[in-house]
Amino acid sequence: MDARIGNTRITLVSGDITEQDTDAIINAANPSLMGGGGVDGAIHRKGGPDILKECKLIRQTSWKEGLPTGEAVATAAGRLKAKKVIHTVGPVWSGGDKGEPELLARAYRSCLALALKMGLKTVSFPSISTGVYGYPVERASIIAVRIVLDFLKENTGIEEVRFVLHSPRDLQTYKKALETAYLQKN
Ligand code: APR
């Protein structure tokens, strides 16, 4: 299912985020920015050492204590098709009453704001926090879609926001969230 907000397309695909040809690919990182498993591992593995090199520079200059949850930074994309990788840290799920929803919302918003600031017209998101970090995918999808729709209603300049889901089940969950939010908004 695709949707439109102004001049921006919102698309849902099932696949591998490292294969996406959007200007920006969002990495579901951890505060160390030194890589990990899941999306983080795939992006560093396929993108190559240039990404980690810039992550280390960011840790030495801007975020000496690590990237706080909800913040976003950009690096080169190395061998990936994208122009830039935007790294963000989603919240670890701890039951839902420790500020996780607000932190997840902030992560999505920070990524979109940074992409806009850098003139990156198309952005691919994974389902942030719903893997290792344990965020229930249905709850996360509702937040992700709402934040993206709200941001795009207030900001022009991004041409496509693509959610790249790693399983048919997650694709269905995000599809349902988008349909529900889209119908409410229009
Ligand atoms: N492409 C798209 N989606 C993917 C891919 C991929 N190549 N690999 C995994 N996913 C999906 C997972 O199935 C999950 O739905 O991305 C979602 C996020 O999962 P994680 O990558 O585990 O990210 P997250 O839950 O945010 O946990 C972040 O995991 O890899 C470590 O260093 C990372 O500590 C950090 C933590």
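Counting starts at 1 for both ligands and their atoms, in listed order.
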I want to check something: taking the side chain as every heavy atom from C-beta on, are [X] and [Y] in contact at a cut-off of under 4.5 Å?
X	Y	result
Leu33	Lys56	no
Arg162	Val13	yes
Phe125	Val123	yes
Cys55	His87	yes
Asp2	Ile10	no
Leu178	Leu12	yes
Met34	Leu52	yes

Nearest non-hydrogen protein atom, [atom]:
atom	answer
atom 7 (N) of ligand 1	Asp16 OD1, 3.0 Å
atom 18 (C) of ligand 1	Ser127 O, 3.3 Å
atom 14 (C) of ligand 1	Thr130 OG1, 3.6 Å
atom 23 (O) of ligand 1	Ala28 CB, 3.6 Å
atom 29 (O) of ligand 1	Val132 CB, 3.4 Å
atom 13 (O) of ligand 1	His166 CB, 3.8 Å
atom 26 (O) of ligand 1	Ser129 N, 2.9 Å
atom 36 (C) of ligand 1	Tyr133 CE1, 3.4 Å

Distance-only donor-acceptor pairs under 3.5 Å for side chains of residues 110-122, two or more places apart:
unit_1: Ser110; atom_1: OG; unit_2: Gly70; atom_2: O; d: 2.6
unit_1: Ser110; atom_1: OG; unit_2: Arg106; atom_2: O; d: 2.8
unit_1: Thr122; atom_1: OG1; unit_2: Asp23; atom_2: N; d: 2.7

Before signing off on this row, confirm whether [X] and ligand 1 have an N or O atom pair separated by under 3.5 Å.
X	value
Thr18	no
Gly131	yes
Gly37	yes

#### Entry: Residue Asp40 vicinity, atoms of ligand 1 by number, heavy atom under 4.0 Å
30 (O), 32 (O), 33 (C)

### Message
Using a 4.0 Å cut-off to any heavy atom of Gly15, which atoms of ligand 1 qualify?
### Response
1 (N), 2 (C)

### Message
Going by side chain to side chain contact (heavy atoms under 4.5 Å, CB included), Thr18 matches just one of His44, Arg45, Lys46. Which one?
### Response
Lys46

### In one Ile/Leu/Val/Met/Phe/Trp/Tyr side-chain cluster, 4.5 Å: Ile26, Leu152
yes

### Message
Given Thr88, Asn27, Asn30, identify the one with the heavy atom nearest to atom 34 (O) of ligand 1.
### Response
Asn30

### Query
Between the candidates Ile43, Val39, Ile17, which shows the shortest non-hydrogen contact distance to atom 16 (O) of ligand 1?
Val39

### Query
Quick one: side-chain hydrogen bond (donor to acceptor under 3.5 Å, both in side chains) pairs with a partner in residues 123-137, sequence neighbours left out?
Thr22-Ser124, Ser127-Thr130, Ser127-Tyr174

### Query
For ligand 1, is any non-hydrogen atom under 4.0 Å from Asp170's backbone (N, CA, C, O), its side chain (CB onward), both, or neither?
side chain

### Message
Check for me whether Gly90 has a heavy atom closer than 4.0 Å to any atom of ligand 1.
### Response
no

### Query
Is it true that Gly134 lies under 4.0 Å from ligand 1, counting heavy atoms only?
no

